[in-house]
**Student:** 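My structure is below; once you've seen it, I'll send some questions.
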Amino acid sequence: MTDIQGTNPSDMRALRLQKLQRAVEKGGALHLKEAAELLNVSEMTVRRDLAASNGVLSCLGGYVAPQPTGKRYTLEREMDQHARDKRLASRSAIASVKAGDTIFIDCGTTMQSLADCLPEDLPLSVICYSMNIATIVARRPATQLMLIGGLYHPSSQSFSSEEGIAYLRKLGINKAFISAGGVHPVRGASCSNFHEVAIKTAVIATAMENILVVDSSKLGSLKPAFFAGLDGFARVVVGGSASPEQRKPFKHLSFDYVTKAT
């Protein structure tokens, strides 16, 4: 990009950021290389622009994408009628996390709550593949973040790629926290987005311990993308009050029902 005579560097940066924001709003996340080509600058310049800005964009996983803020996440949780139940399940699920653990955090609003509940100063390595989780975890001072990149999916703010799945299979994961849109007594755990299936199954096959974390509204529900039988989880943590009718089909399984904060 050629500097306009009389325009100072900070103004040029602002113009570039405005152009990036319009591009992201129109077409979704941009690969860093595409962003640099769009602006006719180096990839390093794009990174510097984003790092120096308090705006709504960030660079994660090699992509320029909307940067959710803590306030936005809080508003989303407040708008979610099952927010309390998700938080109950999350607090119970993370109780077994220890200093030095390497954990995987799935995508979704329940996992957003789980990431937010992690003790801030506990030394951890966290693997994730979604923007909302990465944004929360990146602010933790004692955490090493590993973000799996690839094609960006705005519906779940997540990434997917064959390279990311291959990378996951090489990692040592102590505990994997998995979300689901449906928990069915016969058809197991399922979700709405098919691109998540390969990631979830790779993690479940790799982790030492898999923990399914859901709110009670998911019990008995079946979504189109199946990814695991319920016997593949060491624990299934359910937040909120589940009726006897909801619990009955799962009585042969070891479910942790969490109805109040501990």
Side-chain angles (χ1 to χ4, degrees), residues 82 85-98 101-115 117-118 125-130 133 148 156 158 160 164-259 262:
H82 304 296
D85 295 346
K86 292 176 181 181
R87 200 161 188 86
L88 286 172
S90 296
R91 287 186 181 277
S92 177
I94 66 168
S96 63
V97 175
K98 300 177 181 178
D101 275 350
T102 297
I103 66 173
F104 172 86
I105 303 179
D106 204 354
C107 66
T109 55
T110 299
M111 296 293 101
Q112 179 176 296
S113 179
L114 186 143
C117 287
L118 287 170
S125 293
V126 177
I127 306 159
C128 65
Y129 66 108
S130 62
I133 306 303
I148 307 300
S156 57
S158 61
S160 66
I165 293 169
Y167 177 64
L168 274 173
R169 293 195 175 107
K170 298 177 182 178
L171 298 175
I173 303 172
N174 298 103
K175 298 177 179 69
F177 297 97
I178 308 295
S179 63
V183 180
H184 193 274
V186 177
R187 299 303 304 275
S190 57
C191 60
S192 299
N193 298 314
F194 283 91
H195 76 269
E196 298 174 16
V197 172
I199 299 170
K200 293 175 188 283
T201 53
V203 170
I204 290 170
T206 303
M208 293 288 292
E209 181 181 4
N210 296 297
I211 303 167
L212 185 64
V213 187
V214 296
D215 68 82
S216 59
S217 72
K218 306 301 190 299
L219 297 181
S221 179
L222 178 65
K223 298 300 180 182
F226 165 81
F227 64 86
L230 298 180
D231 56 357
F233 299 97
R235 293 178 65 199
V236 177
V237 184
V238 182
S241 298
S243 67
E245 290 76 16
Q246 284 179 297
R247 295 190 184 201
K248 186 176 180 180
F250 303 99
K251 64 181 181 180
H252 62 293
L253 297 168
S254 180
F255 277 30
D256 295 338
Y257 294 97
V258 186
T259 58
T262 56

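Everything numeric in this text was worked out from a predicted model, so none of it was measured.
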**Student:** Could you tell me whether the side chain of Asn174 and the main chain of Thr102 form a donor-acceptor pair under 3.5 Å?
**Tutor:**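 Yes; at least one donor-acceptor contact below 3.5 Å.
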**Student:** With side-chain hydrogen bond (donor to acceptor under 3.5 Å, both in side chains) as the criterion, how do His82 and Thr110 come out once you've worked through the C-alpha distance, each side chain's angles and the decisive distance to 0.1 Å?
**Tutor:** CA-CA 9 Å; His82 304 296; Thr110 299; over 6 Å; no
**Student:** Which heavy-atom pair separates Cys107 from Ser158 by the least distance, and what is that distance?
**Tutor:** CB-CB, 4.3 Å
**Student:** Of all heavy-atom pairs between Ala89 and Val238, which one has the smallest distance, and what is that distance?
**Tutor:**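 Shortest heavy-atom contact: CB-C, 4.2 Å.
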**Student:** Using every non-hydrogen atom in the two residues, find where Leu88 and Gly239 come nearest and quote the distance to one decimal.
**Tutor:**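 Nearest heavy atoms, Leu88 then Gly239: CB-CA, 4.5 Å.
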**Student:** In terms of the angle between their ring planes, are Phe227 and Phe233 parallel, tilted or perpendicular, with boundaries placed at 30° and 60°?
**Tutor:**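 Because their plane-to-plane angle is over 60°, the rings of Phe227 and Phe233 count as perpendicular.
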**Student:** I'd like to know if the side chain of Asp215 and the backbone of Ser217 have a donor-acceptor N/O pair within less than 3.5 Å.
**Tutor:** yes
**Student:** Please report the interatomic distance CZ(Phe255) to CZ(Arg247), rounded to the nearest 0.5 Å.
**Tutor:** 11.0 Å
**Student:** Residues in side-chain hydrogen bond (donor to acceptor under 3.5 Å, both in side chains) with Ser125, at least two apart?
**Tutor:**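 Testing Ser125 for side-chain hydrogen bond (donor to acceptor under 3.5 Å, both in side chains), a comparison that skips the adjacent residues, returns Gln144.
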**Student:** Rounded to the nearest 0.5 Å, how far apart are CZ of Arg187 and NZ of Lys223?
**Tutor:** 14.5 Å
**Student:** Distance-only criterion, 3.5 Å: show the donor-acceptor pairs between side-chain atoms of residues 164-171 and protein atoms not counting sequence neighbours.
**Tutor:**
none

**Student:** Do you know which two heavy atoms are closest between Ile94 and Cys117, and how far apart they sit?
**Tutor:** CD1-O, 3.1 Å
**Student:** So which atom in Lys200 and which in Ser179 form the shortest heavy-atom distance, rounded to 0.1 Å?
**Tutor:**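 What the structure gives for the nearest pair is NZ-O, 3.0 Å.
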**Student:** Just verifying a value: how many Å separate Ile204 CD1 and Asn210 CG, rounded to the nearest 0.5 Å?
**Tutor:** 5.5 Å
**Student:** Whether the Ser96 and Lys175 side chains hold a donor-acceptor pair (N or O, under 3.5 Å, no angle test) is what I'd like checked.
**Tutor:** no
